[in-house]
Structure formats: C-alpha cells, structure tokens
Amino acid sequence: MHPFRDSEYEWVLTSVALVVEEDSLNPEYVTEILQVQPTSSGKPSISPWWPEPLPGSWAWEVNEHTSRDFTTQLNQALEIIEQKRGELKLLTNEGIDVYLHIYGFAGNNSAVTISGDQMRKLSLAGIPVLFSPNTNER
C-alpha cells in the first residue's frame, strides 16, 4: 500500500534527530543511560545572542551526510528509539524533554512522506515529533 501523498515534491536536505533537553541536563548522563554516543551535545550555558539560558542538550542525528533519503533517516532514528524505549521513558519520567526533530527545506507544495508503519512506531514510542520546515530559498 502506498502512503497518501498530496504533493509531488519532497523536502530536501532533511535531518532526523532524537533530542534530549533539560535546563540543567548533563549530556554525559544521557550517554550513560542510553549507551549511545551523541552526534552533538552541550551543557547548559549563557549565550550572548540568546535572551534566555540555553538548556543542556544531547542529540543523535541522521542527516544528508549519512543518507539523503528521508525514509532511511527516519528508519535509523526509529531503530534507536525502539531499542532504547525503556531508557527514554526513564528520562521522561525524570522530567527531561525527549522528542524527535524532523528538519528540511520545504519548497512550494512539498511534503515529507511517513509510512503507516513509521507512524505506528512513532506512536508506540510515545515521544513528541517536532517538524521544522525551512521555507527560505536555497
């Protein structure tokens, strides 16, 4: 069965990231719990360019440097999420924000295609999904 599509164009230069954030988060703690090395992380900090303190963060991202195929990116992230479901639940139970961030350049009438099986896995994961379409001209 083909997924429903109301668009002939896909987002480009997509990335899919499992993100863990909290005001006082030590990213090494997340690495210890998940036993997964992040692709990026940061301790809480003050930025001269941002009015509020930046939270501690931990992220595992798949982007165009790994695969330019969105379906492959999402499947790789879902594999980690499925393997670490219990550990992610532990983090959320501690009041730590965990979410899946989907980013990409979205031109006129473009979309990301998520299959029914991927939607089922996202639902079972129980974590929010944040879509960030970039509509700037490339």
Side-chain angles (χ1 to χ4, degrees):
M1 180 173 148
H2 297 285
F4 173 76
R5 290 198 52 196
D6 189 29
S7 172
E8 66 180 274
Y9 303 108
E10 293 283 328
W11 287 12
V12 295
L13 296 176
T14 55
S15 67
V16 178
L18 174 63
V19 180
V20 180
E21 290 181 328
E22 201 269 325
D23 288 342
S24 61
L25 181 74
N26 179 349
E28 288 87 14
Y29 174 68
V30 178
T31 302
E32 181 181 318
I33 295 292
L34 296 180
Q35 292 297 299
V36 173
Q37 288 299 315
T39 56
S40 65
S41 65
K43 293 185 177 182
S45 62
I46 304 294
S47 170
W49 301 283
W50 198 251
E52 300 171 7
L54 298 174
S57 64
W58 180 102
W60 183 88
E61 179 182 32
V62 183
N63 57 33
E64 76 274 4
H65 299 292
T66 308
S67 172
R68 287 187 172 244
D69 179 61
F70 172 74
T71 298
T72 300
Q73 292 174 350
L74 182 55
N75 284 339
Q76 288 177 351
L78 286 170
E79 186 176 320
I80 294 288
I81 291 168
E82 287 178 305
Q83 291 173 1
K84 303 299 180 176
R85 187 178 307 162
E87 292 87 341
L88 294 170
K89 183 73 172 164
L90 173 72
L91 293 170
T92 59
N93 287 344
E94 292 179 14
I96 297 171
D97 292 327
V98 176
Y99 60 93
L100 188 68
H101 183 220
I102 296 175
Y103 171 88
F105 285 91
N108 290 338
N109 199 31
S110 66
V112 289
T113 302
I114 299 175
S115 72
D117 186 53
Q118 290 170 324
M119 287 298 292
R120 181 186 63 77
K121 290 176 181 180
L122 285 169
S123 177
L124 288 173
I127 61 173
V129 180
L130 172 65
F131 290 90
S132 297
N134 185 332
T135 58
N136 291 333
E137 294 290 327
R138 286 179 288 130

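Position 1 is the first residue of the sequence, and the numbers go up from there.
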Gap separating the CD atom of Glu94 from the CD1 atom of Ile33, nearest 0.5 angstrom: 6.5 Å
Shared hydrophobic cluster for Val98 and Val19 (ILVMFWY, side-chain gaps under 4.5 Å): no
Nearest heavy atoms of Gln73 and Asn63, plus distance in Å: NE2-C, 3.3 Å
Same cluster (ILVMFWY, side-chain, under 4.5 Å), Val129 and Val20: yes
Heavy-atom closest contact (Gln76 atom, Val62 atom, distance): OE1-CG1, 3.1 Å
Single-linkage hydrophobic cluster, 4.5 Å side-chain cutoff, Val30 and Leu90 together: yes
4.5 Å side-chain heavy-atom contact, Thr71 and Gln118: yes
Nearest heavy atoms of Gln37 and Trp58, plus distance in Å: C-CZ2, 4.3 Å
Rounded distance [0.5 Å steps], OG in Ser132 versus CH2 in Trp11: 7.0 Å
Donor-acceptor side-chain pairing of Glu61 and Ser15 below 3.5 angstrom: yes
Shared hydrophobic cluster, Met119 / Ile127 (ILVMFWY, side-chain heavy atoms < 4.5 Å): yes
Taking every non-hydrogen atom, the tightest pair across Val112 and Glu10: CA-OE1, 3.7 Å
Minimum side-chain heavy-atom gap Asp97-Glu22 below 4.5 Å: no
Polar side-chain atom of Ser57 near backbone of Pro27 as donor-acceptor pair, under 3.5 Å: no
Identified side chain to side chain contact (heavy atoms under 4.5 Å, CB included) counterpart of Phe70 within the set Thr113, Ile102, Leu13: Ile102
Pairwise side-chain contact, Ile81 with Lys121, heavy-atom cut-off 4.5 Å (strictly under): no
Nearest heavy-atom neighbours spanning Phe131 and Ile114: CZ-CD1, 3.8 Å
Considering all heavy atoms, the nearest Ala77-Trp60 contact: CA-CZ3, 3.7 Å
Within-4.5 Å side-chain heavy-atom neighbours: Asp23 and Pro44: no
Side chain proximity check, Glu79 to Gln83, heavy atoms < 4.5 angstrom: yes
Spacing of Asn75 atom CG and Ser115 atom OG [to the nearest 0.5 Å]: 7.0 Å
Beyond-backbone contact of Thr66 with Thr72, side-chain heavy atoms, under 4.5 angstrom: no
Interatomic distance, Thr14 atom OG1 to Leu74 atom CG [nearest 0.5 angstrom]: 9.5 Å
Cluster link Leu54 to Ile96, ILVMFWY, side chain under 4.5 Å: no
side-chain contact (heavy atoms from CB on, under 4.5 Å) partners for Lys84, two or more places apart: Leu34, Gln35, Val36, Ile80, Glu87, Leu88
Heavy atoms from other residues, nucleotides or ligands near CZ of Arg68 exceed 12 (cutoff 6.0 Å): no
Non-hydrogen side-chain atoms of Tyr103 and Asn134 separated by less than 4.5 Å: yes
Check: Lys89 and Thr92 side chains under 4.5 Å, non-hydrogen atoms: yes
